[in-house]
There are 2 protein chains.
Amino acid sequence: MTKPRQQDAPPVVEHVSDDTLRQFVGYHVKRAMNVIQGDLAKTLRPFDLRMVTYSALVLIVDNPGLRQSQLATAMDVERPNLVVIIDELERRDLILREKVPTDRRAYALMPTLAGRQLCDKAIAAVKAHEARLLAGLAPPEIKEVVRALSQIELRGSEE
Amino acid sequence: MTKPRQQDAPPVVEHVSDDTLRQFVGYHVKRAMNVIQGDLAKTLRPFDLRMVTYSALVLIVDNPGLRQSQLATAMDVERPNLVVIIDELERRDLILREKVPTDRRAYALMPTLAGRQLCDKAIAAVKAHEARLLAGLAPPEIKEVVRALSQIELRGSEE
DNA sequence: TATTGTTATACTCTATAACTATA
DNA sequence: TATAGTTATAGAGTATAACAATA
């Protein structure tokens, strides 16, 4: 028999337990993601780049001439949303929309010299910040994590 | 000397390379996160729960009596945004806001029987789905990944 | 004076329909 | 007819200021 409380007053919680959620890998992925995103945003701010503009710039530098639709697919962004991203990069003269002679509907996205230079600097900064974030982990551990995450990525595309 | 192209026509990209981005652990965390979130959303849909309402419900079931401000801190959600989440759970009679005698400003969040039951079912479903997502990974690998992600979480709170 | 919950609001992100010009 | 890029718009998710009630 449990002793009844005087008024059924609600219990006071001193420490909030998230043990149940902690069982899930997804919970930790989300929390790590928040940290990484926050760090990345801070890292890119001096370059006046957001995560999406950074990703777009890197992909254009690595794949000069690609079409907006290709970039949208690669970034998993809807085409309408990509337009403003490209607008921003073009306005800053980091890339340019070049007419494609063989298909007058399409634009070939080309990085400018300034775009390639900013891209290189941003990548170096991101590398340095990520290294700090992963400082506690040995290279083989990192490889193992990437392998595991890639496995999860694959599972997603399977369905 | 490179042979100049006739009109400097932009190159055609057949396959978009994301090799540069793939170097970064954050890129893989983000992609895995997308898969996990998508799967989680699909898993919770039959229960009419979103990720935030699910997290809130689990935390209330595990910590009966906690205050909204405590829950907001635990979930890393702004207090104003938590209000609508709590409203939704209360409207569905999964939780209730109980008056706290010792502090008449605050509410103690309590799960109802229906809330605890739905929570249990949802947790079981999420467990099953996550198991499918991690099917290719051995338990020690999963432990290693969680350890690594926890390390990254800690780095974030350090700054 | 500070805190709890709340309202209103704004800003970003993301998603969809429909248009134009080409193919 | 289908596709590339675009426009407009709507819906999430998230963030801030300010208020009433209470500490």
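In what follows, every chain begins at residue 1, and chains take the letters A, B, ... in the order their sequences are listed. These numbers were taken from a predicted model, which means no experiment stands behind them.
- Proximity of B:R92 to B:L49: side-chain heavy atoms (C-beta onward) are separated by under 4.5 Å at one or more points.
- B:D103 places its CG atom 17 Å from the P atom of C:dA2, with the value rounded to the nearest Å.
- The shortest distance between side-chain heavy atoms of A:R67 and A:D103 does not fall below 4.5 Å.
- The span of DNA chain D lying next to chain B, judged by atoms under 4.0 Å from heavy atoms, is bounded 5' to 3' by D:dG13 to D:dA23.
- Remark: B:R147 pairs with A:E141 by the side chain to side chain donor-acceptor pair (under 3.5 Å) rule, at least two apart or across chains.
- Near DNA chain C, meaning a heavy atom under 4.0 Å away, the residues from residues 43-74 of chain A are A:R50.
- Both A:T102 and A:P80 sit near DNA chain C, but only A:P80 has its closest nucleotide nearer the 5' end.
- You'll find the side chain of B:K30 stays beyond 4.5 Å of the side chain of A:L40, heavy atoms only.
- To the nearest 0.5 Å, atom CG of residue B:L57 and atom CG of residue B:D62 are 9.5 Å apart.
- A heavy atom closer than 4.0 Å to some atom of DNA chain D occurs in A:V83, these being the qualifying members of residues 83-91 of chain A.
- Remark: P of C:dT14 and CZ of A:R79 are 14 Å apart, rounded to the nearest angstrom.
- Between B:F24 and A:I36, the closest side-chain pair of non-hydrogen atoms is not below 4.5 Å.
- Side chain of A:R104, nearest nucleotide from C:dT14, C:dT22, C:dG5: C:dT22.
- In this view, B:V83 and B:Q68, B:D87 satisfy the side-chain contact (heavy atoms from CB on, under 4.5 Å) rule, not counting sequence neighbours.
- Side-chain atoms of B:T112 come within 3.5 Å of backbone atoms of B:D93 as a donor-acceptor pair (strictly under, hydrogens ignored).
- Put simply, CE on A:M75 is 13 Å from C1' on C:dT14, counting in whole angstrom units.
- If you take CG of B:N81 and P of C:dT9, they are 15 Å apart, rounded to a whole angstrom.
- Residue pairs meeting the side chain to side chain donor-acceptor pair (under 3.5 Å) criterion with at least one member in residues 46-60 of chain B, sequence neighbours excluded: B:R50-B:E88.
- Side-chain contact between B:L71 and B:I86 is present, with at least one heavy-atom pair separated by less than 4.5 Å.
- Each of A:V100 and A:L82 belongs to its own hydrophobic cluster when Ile, Leu, Val, Met, Phe, Trp and Tyr are linked at side-chain heavy-atom distances under 4.5 angstrom.
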